[in-house]
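Written out below as structure tokens is the structure these notes cover.
Below, chain A is the first sequence line, B the second, and so on; all start at residue 1. From a predicted model like this one, the values you see are computed outputs, not experimental measurements.
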Number of protein chains: 2
Amino acid sequence: MEDATSPRARYRAQVRTEIKEHAWRQIAGAGASALSLNAIAKNMGMTGPALYRYFGSRDDLLTELVTDAYRSLADTFRAASGEGLTGLGHALRGWALADPQRYFLVYGTPVPGYHAPDDVTAIAAEIMAVLLDACATGPAPAPAPDLDAHLAGHRAWDGGHGASEPVLRRALTAWTRLHGVLSLELAGHFTGMGFDPVLLFDAELSAL
Amino acid sequence: MEDATSPRARYRAQVRTEIKEHAWRQIAGAGASALSLNAIAKNMGMTGPALYRYFGSRDDLLTELVTDAYRSLADTFRAASGEGLTGLGHALRGWALADPQRYFLVYGTPVPGYHAPDDVTAIAAEIMAVLLDACATGPAPAPAPDLDAHLAGHRAWDGGHGASEPVLRRALTAWTRLHGVLSLELAGHFTGMGFDPVLLFDAELSAL
DNA sequence: GATTTCCGTGATACCTTCTCACTCATGGAG
DNA sequence: CTCCATGAGTGAGAAGGTATCACGGAAATC
């Protein structure tokens with residue numbers, strides 16, 4: 001009855017993935033704001049309303065793409081989890097450069113009203129866990145007593161990882177610094193400046 | 001004839017600024033993607049097409065808002081230019097928190113096809129000049145020979161400032177690190193984590 | 001006072017998301 | 001094998017968006 005390999009279900013799953021493939025192509029080309037259900041339907045030889053059999057709304061489709069993007073980043077992180085913080089940094093940059101709009105779907109400008117579903121917070125916690133593991137081994141960063149003391153009382157986000165406060169701080173710092181370089185690079189703010197962003201990224205990475 | 005204080009010109013300028021005020025209100029509330037000429041016109045007691053007398057298109061209006069945002073940031077930076085890098089950092093954070101969507105208009109997710117006009121590159125250069133001034137005085141950062149050697153050959157973006165390579169690197173690092181913390185904070189990526197982002201921001205600022 | 005300039009409107013074309021009634025093919029049950 | 005219910009897809013249409021156009025009228029200018 002509810003067999004997952006029912007012909008109907010298989011067809012449905014295939015169409016869903018095909019819709020998402022077209023959606024990713026649109027997003028990679030012109031950003032998330034250019035995602036158009038009508039255009040996807042036309043590209044697939046269907047009419048617009050047909051897509052509402054597969055996704056409840058444009059926002060539902062976009063939310064699923066965001067979740068997939070988070071999952072993709074989590075997979076990339078997990079695959080590079082054995083290579084330390086440096087390996088994690090390079091994996092992050094490679095993942096971001098492979099599809100900048102996908103990076104922006106995760107870390108870009110949020111829509112004020114939008115609330116991420118519980119899925120992505122769980123995946124974000126998994127990403128943070130990998131980052132915390134990588135930050136546990138390595139040199140202790142410069143001391144920051146104020147922040148460490150504050151983190152000691154506000155460390156629920158470590159998900160029971162049990163890392164020391166300097167490790168928590170190192171993870172946060174790695175996150176924000178790498179995102180800082182990467183997001184400005186992907187947004188094109190370095191394009192007119194002439195230098196190679198990878199050297200700046202690697203300098204920040206080795207400073208960690 | 002072409003008097004700037006002609007009744008027509010004064011009225012026109014007033015309507016233009018009123019349109020922009022409504023536009024800022026919309027953007028602050030629901031982001032740049034929610035900017036609607038029709039809604040602005042309705043709020044002003046006009047019909048949609050009337051606004052095309054004042055702005056050539058929705059993109060033209062948005063471009064002007066982006067330019068105004070850059071100019072506002074440049075003004076804020078110039079006002080804080082005497083207070084060193086720490087003052088600049090606090091001025092940046094205050095400016096960003098006052099209107100997060102305005103920050104995202106400058107440093108947020110770009111639309112792939114969009115090209116910024118020459119205005120904003122000039123203003124961006126002015127912002128960079130203030131940052132370079134603030135980075136000239138202060139402790140020398142940790143050495144990074146590779147990046148410094150590369151910057152020595154790719155420093156056209158300093159606008160004839162004549163700063164040394166470590167100073168250029170300090171300015172770039174300050175920019176990317178502060179943007180890293182700030183953009184993640186404004187995007188709400190810290191909301192579920194419990195800690196106070198200002199402490200992380202200040203820690204990065206004092207590490208510079 | 002006559003004329004020109006230009007603001008605002010309504011109509012229109014074309015796009016979007018999204019709902020709804022309907023048709024029709026297909027898969028599963030007897 | 002037959003019947004029927006499930007569900008995919010279509011066309012119409014509402015509501016709202018950008019943008020263009022011709023037109024009327026008010027206001028500034030001469």
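Side-chain N or O atoms of B/Arg155 include none that pairs as donor or acceptor with a backbone N or O of A/Met193 at under 3.5 Å. Proximity of a side-chain donor or acceptor of A/His179 to a complementary backbone N or O of B/Ser183 within less than 3.5 Å is not detected. For the pair B/Arg177 (side chain) and A/Thr176 (backbone), a donor-acceptor distance under 3.5 Å is absent. Remark: the backbone N or O of A/Trp95 is not paired with any side-chain donor or acceptor of A/Thr76 at under 3.5 angstrom.
Under the 6.0 Å distance and 45° angle rule, B/Arg16 does not count as a cation-pi partner of B/Tyr54.
The two residues B/Ile19 and B/Phe55 have their closest heavy-atom pair at CG2-CE1, 3.6 Å.
Between the CZ atom of B/Arg16 and the P atom of C/dG8 there is a distance of 13 Å, given to the nearest Å. Residue A/Leu62 contributes atom CG, which lies 12 Å from atom P of C/dT17 at whole-angstrom precision. Put simply, CZ on A/Arg12 is 9 Å from C1' on D/dG7, counting in whole angstrom units. Here the C1' atom of nucleotide D/dT18 and the CG atom of B/Leu61 are 13 Å apart, to the nearest Å. As a whole-Å value, the separation of A/Ile19 CD1 from D/dA8 C1' is 11 Å.
In this structure A/Gln101 satisfies the side chain to side chain donor-acceptor pair (under 3.5 Å) test with no other residue, sequence neighbours excluded.
Interface residues of residues 50-60 of chain B facing DNA chain C, ordered by number: B/Ala50, B/Arg53, B/Tyr54; criterion, heavy-atom separation under 4.0 Å. Of the residues in residues 20-48 of chain A, those lying under 4.0 Å from DNA chain C by heavy-atom distance are A/Leu35, A/Ser36, A/Leu37, A/Asn38.
Outside the 6.0 Å centre-distance limit, the rings of B/His150 and A/Phe195 are not counted as a close aromatic pair.
The shortest distance between the side-chain N/O atoms of A/Tyr11 and the OP1/OP2 oxygens of D/dG9 is below 4.0 Å.
For A/Arg8, the side-chain atoms get nearest to D/dT6 when compared with the rest of D/dT6, D/dT20, D/dG11.
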